[in-house]
Participant: 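Following this message is one structure expressed as structure tokens.
All heavy atoms count here, side chains included; hydrogens, waters and symmetry mates do not. For the single chain, residues carry numbers from 1 onward in sequence order.
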Amino acid sequence: MKVCPVNSKTLRQIWSLVEQTQSSTLLRLNDTDLVKQLLRQLNSQQALSIEEINSVNSYLSSRTNLIRDLATARLA
């Protein structure tokens with residue numbers, strides 16, 4: 001499976017979604033559900049191709065710790 005890079009517009013939307021999502025939600029979900037939730041929200045904002053879905057999925061999966069760190073910092 002070929003993974004295409006995530007474009008800058010999509011990256012901005014991803015991190016905007018992370019900021020908009022309540023910290024308690026981000027911290028409550030396990031890694032798989034966290035990625036699914038953010039991917040679902042992103043896909044509702046812009047139609048994603050299968051390749052983009054796979055790329056965003058990989059991107060988010062590799063950054064769940066960062067997402068949780070940001071959520072924890074917002075609670076402090």
Participant: Any heavy-atom pair between the side chains of Q41 and Q20 that's under 4.5 Å?
Facilitator: no
Participant: First locate atom OG of S62, then atom CG of N57, and finally report the distance between them rounded to the nearest 0.5 Å.
Facilitator: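 These two atoms lie 10.0 Å from each other.
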Participant: Could you tell me if the side chain of L42 sits less than 4.5 Å from the side chain of L60, heavy atoms only?
Facilitator: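 SC-SC contact between L60 and L42 ruled out.
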Participant: Would I67 and T21 count as a side-chain contact (heavy atoms from CB on, under 4.5 Å) if you check the C-alpha gap in whole Å, the side-chain angles of each, and the deciding distance to 0.1 Å?
Facilitator: CA-CA 11 Å; I67 293 168; T21 304; over 6 Å; no
Participant: For the atom pair CZ (R12) and CD1 (I14), what is the distance rounded to the nearest 0.5 Å?
Facilitator: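 Here the rounded value is 11.0 Å.
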Participant: List the atom of P5, the atom of S55, and the distance in Å for their closest heavy-atom pair.
Facilitator: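 Smallest interatomic distance, heavy atoms only, reads N-OG, 4.4 Å.
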Participant: What I'd like to find out is whether the side chain of D33 reaches to under 4.5 Å of the side chain of K36, using heavy atoms alone.
Facilitator: yes
Participant: If I compare all heavy atoms of I53 with all of L48, which pair ends up nearest, and what's the gap?
Facilitator: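 Result for this residue pair: CG1-CB, 3.7 Å.
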Participant: Compare all side-chain heavy atoms of L70 with those of W15 and state whether any distance is below 4.5 angstrom.
Facilitator: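 Result yes, sub-4.5 Å side-chain heavy-atom pair found.
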Participant: Hey, are the side chains of V56 and N43 touching, using non-hydrogen atoms and a 4.5 Å cut-off?
Facilitator: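 Not touching, per the 4.5 Å side-chain cut-off.
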Participant: Any side-chain heavy atom of D31 within less than 4.5 Å of one from R68?
Facilitator: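 In contact.
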Participant: Might you point out which heavy atoms bring S23 and A71 nearest each other, and give the distance in Å?
Facilitator: OG-O, 3.2 Å
Participant: Atom CG of L38 and atom OG1 of T25: how far apart are they, to the nearest 0.5 Å?
Facilitator: 10.0 Å
Participant: More than 12 foreign heavy atoms under 6.0 Å from CD of Q45: is that the case here?
Facilitator: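 Enclosed: over 12 neighbouring heavy atoms sit under 6.0 Å from CD of Q45.
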Participant: Supply the atom-to-atom distance K9 NZ to Q46 CD, rounded to the nearest 0.5 angstrom.
Facilitator: 5.0 Å
Participant: Taking all non-hydrogen atoms of both residues into account, name the closest pair between Q22 and R74 and its distance.
Facilitator: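 Minimum heavy-atom contact is C-NH2, 3.7 Å.
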Participant: First locate atom CG of L17, then atom CD of Q37, and finally report the distance between them rounded to the nearest 0.5 Å.
Facilitator: 9.5 Å
